[in-house]
Each structure stands twice: as C-alpha cells, then as structure tokens.
Amino acid sequence: MSSQEANVRGPRNGAARPTVAVTGAASGVGALLTERLAASPEVGRVVALDERRGDVEGVRWHVLDVRDPAIADRLRVDGEPVDTVVHLALDLDLETDPAARSAYNVRGAQTVLTAAAAAGVRRVVLCTSAMVYGALPDNDVPLAEDAELRATAEATGVGDLLEIERLAKRAPRAHPGLNVTVVRPAVLVGGTDTALTRYFESPRLLVVAGSRPCWQFCHVEDLAAALEYAALEKAEGELAVGCDGWLEQEEVEELSGIRRMELPSAVALGAASRLHRLGLTPSPAGDLAYTMYPWVVSGSRLHEAGWRPKWTNEEVLAELLREVAGRRTVAGRRLGRKDATTLGAAGATVALVGTAALVRRARRTRRRM
C-alpha cells in the first residue's frame, strides 16, 4: 500500500483524514458541503450520492434514490466503510404533495441510517431545523440545544423533521456503534423557498396582534460550514446553527422597509386555516406560529468547538430581500406577474380583498360541482 493510499484512509485505521459521504449532493446545501469537503485538506475522500450527478469534481459520484437499500453498498470505498454520512436528501418543497413528501423524507432517513449501520459506518449527520423546538410564547430566548422539542406537526414539513429526530434518537440503540449528530438551522436563506422566506415576499409583513416574533437567520454557507464541523467530528450531539443573536420585528421592518399589517390572532389564524383547507395556499395555519413567537437558538456547542458564522442576521436579511425582489405572495400563495403588479400598486387592502375573493370563488366552484 502506498503512503498516499494510507494517508486518505479514515480515522479507524489511525490516519487523520476521514472518508465522508453526502446524500443530496447535487444541489443546495448538499452541493455546497460536497464542494467544501472536496477542497478540505482534512478530508481524505468524498462520496457524493444523489438522483442525478452534480457538478463537483474530484469526488466519487453514485446516482441513486436514497430510499434504495442498495445505498449500503455505496457507503464503502475499496471495501472499507466511509467514516461519516451526512444525509441532506430532503424534500421540503412547499408545492410537493404532503403525503409524498413525508414518505420520501422519513423513508430516506430510515434507509440511510439502516444502510450506514449495515456498512459499518461510525457516524451519521442528519439535518432538520430549529423549528423542531416549536415557536411558543414561553420559549427561552435564546434556546439551548438540549431544550425540549415542543413543536407539533402543524407546520410545513415539521412533522417529517420530528420523525427524523425520533429516528436519530432510536438509531444508536438499534445499531450499537452508530453515532448520530443532528444539525438544526434557523431560518435558512440562500436559494431556498420556504413559508418563512415567502413571508418577506408579501406587500406588508403580517403581524399577529399580541405576538412577539424574534427573527434569527442562517445562511446556507454557514450551515455547510457547520455540517463540515459535524462531519469531521469537531462537534457532536444536537447542534443548533444560526447567526449570532436575533432581530426584533421592529428591526426587521426598519431594515426591510416593509410596513406591517396587524391582525387579531383569530382573524389571521382563521383565514390561514380556511385558505389552506380550500387548497388555495400551500402553507397551513401552523406556519404562522413561527412568525409570531420566538424560536431562536444559542448555537453554543458549535461555538465551543470553534465554529463562527460568517454572516450576520442583518446581512442575511438583506440577501433574502435581494432574492425575493419582484416576487409577490399573499398568505403563502405566490402570485403571477399580473397579480403582483396590481398588488404592488394597491397594497395590503387589495391583498385582503383578493384573498377573500379567492375564498368566495372556491366556494362557488364547489357548489357547482
């Protein structure tokens, strides 16, 4: 065996540079992480897995569905198991059928954990969201990593993430020798499309009367850096990641230049629930809680390990506003160009009237059927 071959072997053989596999490696944060790992002098080899081949060079690509049990065979390099698997193949698209989304997300995580254990992998890193802590009026500000997970399945994708968290807890008991690290980012920004980023596409920022929102963001570049820390075992356990500190609603309004539209809780939640039930918006009423109550995190474990965010909340908010410029959304429903032009000219009053009209139209259509 050559000295070069010995040098790229993982820590199980006494060398310093591990082999890391990444699922969902062709796009988004998976592509960013794969690129970082491929360029890192601390990493020996990188195995990239996705349903299509990505653009990152210098890594070993495997094209397959992460729900395929054959993934276990791809978690070995030259007969040796990879040291760490970072699982990022998640579907959190607002437009995906919820049942299909859950089936993909939960089955994918189950398969990756089982396959990793079967292949002899020592560590799996899962990525969920700080949303699993729940957005509640009595939350500590900020929340510690070991705070109780009090979220419910009422917000988009959160039910899937909670189930992945449960799988992460059970995996080390079901598969002795397998360690699991969970990374939980705050509001993710950087080529993302979520109910929380769409909040900033509205002509007015909806504020529910009596609520006290606190905003903490996480740029995808900072998330990729945190995942690299986890992959290299510089930090482990439950890891919350986000910008340092948070912004109050008034600061967000001042920085964004978007004025608020304040509604009573019963009106806001009732309208959101009816619109979603009628299939007019992708966001269930549960998404509103994350714009009403705090769920910011301290990120102390990553900080203790030496990680620091490169982005501030103010910088990420500015980046988000650049990304959503020109888009218009009402109650989570993205409008076409003609609707957006009308909405931009008429403001929040037209938005409310238009939403009510959508409800009436849907009801008339149902009566005709």
Side-chain angles (χ1 to χ4, degrees), residues 21-34 47-56 61-71 74-75 85-116 124-132 149 151-168 171 180 182-199 201 218-220 223-224 227 241 276 279 281-284 286-287 290 323-324 329 332-334:
V22 181
T23 71
S27 62
V29 69
L32 286 177
L33 176 63
T34 302
V47 177
L49 305 105
D50 208 318
E51 294 182 30
R52 65 177 179 86
R53 194 185 190 284
D55 298 326
V56 181
W61 281 97
H62 294 295
V63 177
L64 82 168
D65 188 317
V66 292
R67 295 169 294 180
D68 186 345
I71 194 173
R74 308 297 189 268
L75 300 180
V85 178
V86 184
H87 177 51
L88 299 173
L90 284 174
D91 180 3
L92 297 176
D93 192 325
L94 288 172
E95 309 300 336
T96 302
D97 174 72
R101 182 175 60 218
S102 293
Y104 178 83
N105 290 336
V106 176
R107 182 62 178 168
Q110 285 176 327
T111 304
V112 167
L113 286 166
T114 302
V124 173
V125 179
L126 301 173
C127 187
T128 60
S129 167
M131 294 177 78
V132 297
L149 305 188
T152 65
E154 294 173 356
T156 304
V158 174
D160 299 354
L161 301 180
L162 288 170
E163 183 57 33
I164 291 171
E165 292 273 353
R166 285 189 281 270
L167 291 170
V180 180
V182 181
V183 179
R184 301 165 178 160
V187 179
L188 197 58
V189 175
T192 59
D193 177 26
T194 68
L196 294 167
T197 60
R198 287 192 183 188
Y199 177 82
E201 297 178 17
C218 178
H219 196 276
V220 291
L223 175 57
L227 289 164
V241 54
H276 184 65
T281 64
S283 298
D287 286 345
Y290 291 89
E323 287 189 1
V324 304
T329 293
R333 176 180 176 265
R334 187 168 287 158

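None of these values were measured; they are calculated from a predicted model.
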- Residues two or more places apart in sequence or in another chain: which of them pass side-chain hydrogen bond (donor to acceptor under 3.5 Å, both in side chains) with H219?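 Partners of H219 under the side-chain hydrogen bond (donor to acceptor under 3.5 Å, both in side chains) test: none.
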
- Task: Using side-chain hydrogen bond (donor to acceptor under 3.5 Å, both in side chains) as the criterion, list what pairs up with T96, not counting sequence neighbours.
- Result: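 Partners of T96 under the side-chain hydrogen bond (donor to acceptor under 3.5 Å, both in side chains) test: D91.
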
Is it true that a side-chain atom of [X] and a backbone atom of [Y] form a donor plus acceptor pair closer than 3.5 Å?
| X | Y | value |
| --- | --- | --- |
| T23 | L88 | yes |
| W61 | D50 | no |
| E323 | G191 | yes |
| D287 | T156 | yes |

- Approximate separation, where rounding is to 0.5 Å, of Y104 OH and L90 CG: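 Nearest 0.5 Å value for the OH-CG distance: 7.5 Å.
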
- About how many Å separate OG of S102 and CZ of R107, when rounded to the nearest 0.5 Å?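 Nearest 0.5 Å value for the CZ-OG distance: 14.5 Å.
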
- Less than 4.0 Å between a side-chain N and a carboxylate O, is that true for R101 and E163?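 No salt bridge links E163 with R101.
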
- Query: T111 and D68: side-chain contact (heavy atoms from CB on, under 4.5 Å), yes or no, with the steps?
  - Reply: CA-CA 7 Å; T111 304; D68 186 345; over 6 Å; no

- Tell me, with the steps shown, if R184 and L149 meet side-chain contact (heavy atoms from CB on, under 4.5 Å). CA-CA 11 Å; R184 301 165 178 160; L149 305 188; 3.9 Å; yes

- What heavy-atom pair brings A168 and V182 nearest, and what distance separates the two atoms?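 So the two residues come closest at CB-CG2, 3.7 Å.
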
- Does the pair V183 and L223 meet the rule for a side-chain contact (heavy atoms from CB on, under 4.5 Å), with working shown? CA-CA 9 Å; V183 179; L223 175 57; 3.8 Å; yes

